[in-house]
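Data block below; observations after.
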Amino acid sequence: MAATQLTADLHPLLTEYVIKKLQKNRLTTVYSFVKVEAEQLIKITNLPAESIVLVKNQLIERFAGQYRNAQLHTVQASVPFATGILPIDGLLQGGLIPGHIYEFCGKSGTGKTLLCMTIATSVAMLQRSSVYYIDTKCDFSGRKIQQILDKGQRKLTEQELGHTMARIRVERIFSPELLVQVVEELATGKYHQQDTHLKLLVIDSLPSLWYLFQDSSSSIEPLGLLTKLICSLRKLATQQNVAVVLVNLAVRMVDGMAGSSTIESKRKLCPNGNYPALGRYWESAPGTRLLLERDDDEEPLADSITRSVRVWKSNYLRTGERTIVRMTDAGVR
């Protein structure tokens, strides 16, 4: 609520004229609007008291959290579902847990996108469930999905191939604002289909959107959007029982950055000296963060390359546990 800007499209009574009057009185967000007494808002906007109360109540209902009695909700056991990649399933103690947020982190070229596409393909084929795949870099390839299916262990008929690919809904998004909007709509069940259940959301990747703010003079807007994204992702994961997979970059502190030594000393780095992009604020957002690295100990094979996957942080896995996966034409194995 604190980061949501007051705009004319939030409510019919909030016309452009009313918005300008509010902005002159430094009431620019939903939070600043609802916390002001109705009498003061009447003087500022010249709206009747009934209208002010109506707008405030509807904005509070839309943007504020709601209290719920936990005893009224039955505890639903979250059973992991397989990713289709045996080493990853072993590392995750059975697979992805519905309601949990995962992050695949690594340098460019470590296979994060191929890993996401392999998991999405497996969920659509083996679980017969819907996958919502958000592509921010135009890296998603339908041809690669078909290649993974064609070269898989089980041969699919043409009809099965078509049904499996149809369960993967792909949307290309190029702005943080639109990403937040789509996740919020997913959290409300807008894209729920009766024949298939949404089981997995993949966002590949986050830094490509938030790096748009790197020249911004203020950090409030990107930080506010990150806050809204975290809240929406957690709402989607818990209320819709969806597993969320995010892609992030593993980067190093830029030498010479103002205050870099101070910032780096306060951050929890990976053993290889990297840290997740999007800043210190984002570090606690995912429940489990996996680090993908080029594995120097393994001999490269003719038809594949190897990657090391390590538990960077998790609230249910042992930090530092690792496994080896193979990147092949048939996906990650």
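Below, each value reflects all heavy atoms present in this structure, side chains not excepted, and no hydrogens, waters or symmetry copies.
- The closest side-chain heavy-atom distance from L115 to T113 is not below 4.5 Å.
- Y316 OH: more than 12 foreign heavy atoms inside a 6.0 Å radius.
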Item checked: Steps toward side chain to side chain contact (heavy atoms under 4.5 Å, CB included) verdict (V311, R318) -> CA-CA 7 Å; V311 179; R318 180 180 296 178; over 6 Å; no
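- Linking ILVMFWY side-chain heavy atoms closer than 4.5 Å, directly or via other members, places V251 and V247 in two distinct hydrophobic clusters.
- With hydrogens and angles disregarded, no donor-acceptor distance shorter than 3.5 Å links the side chain of T323 to the backbone of I88.
- Annotation for A120 and I168: closest pair O-CD1, 3.9 Å, computed over non-hydrogen atoms.
- In this structure, the separation between CZ on R326 and CZ on R333 is 8.5 Å, given to the nearest 0.5 Å.
- Placement of V180 and Y281 within a single hydrophobic cluster is found when ILVMFWY residues are connected by side-chain heavy-atom separations under 4.5 Å, directly or transitively.
- Side chains of L179 and L206 form a contact here, defined as non-hydrogen atoms less than 4.5 Å apart.
- Between K144 and L114 the shortest side-chain heavy-atom distance falls below 4.5 Å.
- The two residues L278 and P207 make their nearest non-hydrogen contact at CD2-CA, 4.1 Å.
- Placement of Y211 and Y275 within a single hydrophobic cluster is found when ILVMFWY residues are connected by side-chain heavy-atom separations under 4.5 Å, directly or transitively.
- Panel note: side chain E160, backbone T157; a donor-acceptor pair is recorded below 3.5 Å.
- I42 and L6 fall within the same hydrophobic cluster, where Ile, Leu, Val, Met, Phe, Trp and Tyr residues are linked whenever their side-chain heavy atoms come under 4.5 Å apart, directly or through other members.
- With a 4.5 Å cut-off on side-chain heavy atoms, L47 and L41 do not count as touching.
- Using modelled atom types and a 3.5 Å distance limit, the side chains of S122 and T83 yield no donor-acceptor pair.
- In this structure, R294 CZ and L292 CG are separated by 10.5 Å, a value rounded to the nearest 0.5 Å.
- Put simply, L246 and V242 are part of the same group of oily side chains (I, L, V, M, F, W, Y) that touch within less than 4.5 Å, one to the next.
- R167 contributes no side-chain N or O that, together with a main-chain N or O of S129, makes up a donor-acceptor pair within less than 3.5 Å.
- Here I305 contributes atom CD1 and T328 contributes atom OG1; the two are 10.0 Å apart, rounded to the nearest 0.5 Å.
- There is a side-chain donor-acceptor pair under 3.5 Å between E103 and W282.
- In plain terms, the two heavy atoms of H100 and G287 that are nearest each other are NE2-C, 3.5 Å.
- Considering every non-hydrogen atom in both V183 and S232, the closest pair reads CG1-CB, 3.6 Å.
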Check: Going through the checks in order, is the side chain to side chain contact (heavy atoms under 4.5 Å, CB included) test met by V182 and I173?
Finding: CA-CA 9 Å; V182 169; I173 292 178; 3.7 Å; yes
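- The minimum heavy-atom distance between K56 and A38, with the atom names listed, is NZ-N, 4.3 Å.
- D204 places none of its side-chain heavy atoms less than 4.5 Å from the side chain of F104.
- The CD atom of Q239 sits 13.5 Å away from the CZ atom of R234 when rounded to the nearest 0.5 Å.
- L229 CG to Q181 CD: the interatomic distance, rounded to the nearest 0.5 Å, is 13.0 Å.
- No side-chain heavy atom of L201 sits under 4.5 Å from any side-chain heavy atom of Y133.
- Using a 4.0 Å cut-off between charged nitrogen and carboxylate oxygen, R310 and E321 do not count as a salt-bridge pair.
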Note to self: Checking Y132 against L198 for the side chain to side chain contact (heavy atoms under 4.5 Å, CB included) test, could you report, in this order, the C-alpha distance in whole Å, the side-chain angles of both residues, the deciding distance, and whether it holds?
What the structure shows: CA-CA 7 Å; Y132 203 99; L198 178 62; 3.9 Å; yes
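- At a cut-off of 3.5 Å, with distance as the only test, no side-chain donor of Y17 or T45 sits close to an acceptor on the other residue.
- A donor-acceptor contact shorter than 3.5 Å is absent between the side chain of N25 and the backbone of L27.
- In the model, H197 has no side-chain atom that pairs as donor or acceptor with a side-chain atom of S130 under 3.5 Å.
- I145 is listed as a side-chain neighbour of F140, based on a closest heavy-atom distance under 4.5 Å.
- One N or O on the side chain of N248 and one on the backbone of A277 form a donor-acceptor pair closer than 3.5 Å.
- Counting all heavy atoms, side chain and backbone alike, Q240 lies closest to G189 at NE2-N, 3.7 Å.
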Note to self: Would L92 and L290 count as a side chain to side chain contact (heavy atoms under 4.5 Å, CB included) here? Give the steps.
What the structure shows: CA-CA 10 Å; L92 297 178; L290 302 182; 4.0 Å; yes
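- With contacts defined as side-chain heavy-atom distances shorter than 4.5 Å, the pair K313/T288 does not qualify.
- Of the N and O atoms on the side chains of T29 and S32, at least one donor lies less than 3.5 Å from an acceptor on the other residue.
- Note that CG of L161 and CD of Q159 are 11.0 Å apart. Values are rounded to the nearest 0.5 Å.
- Donor-acceptor pairing under 3.5 Å is lacking for the side chains of R307 and T110.
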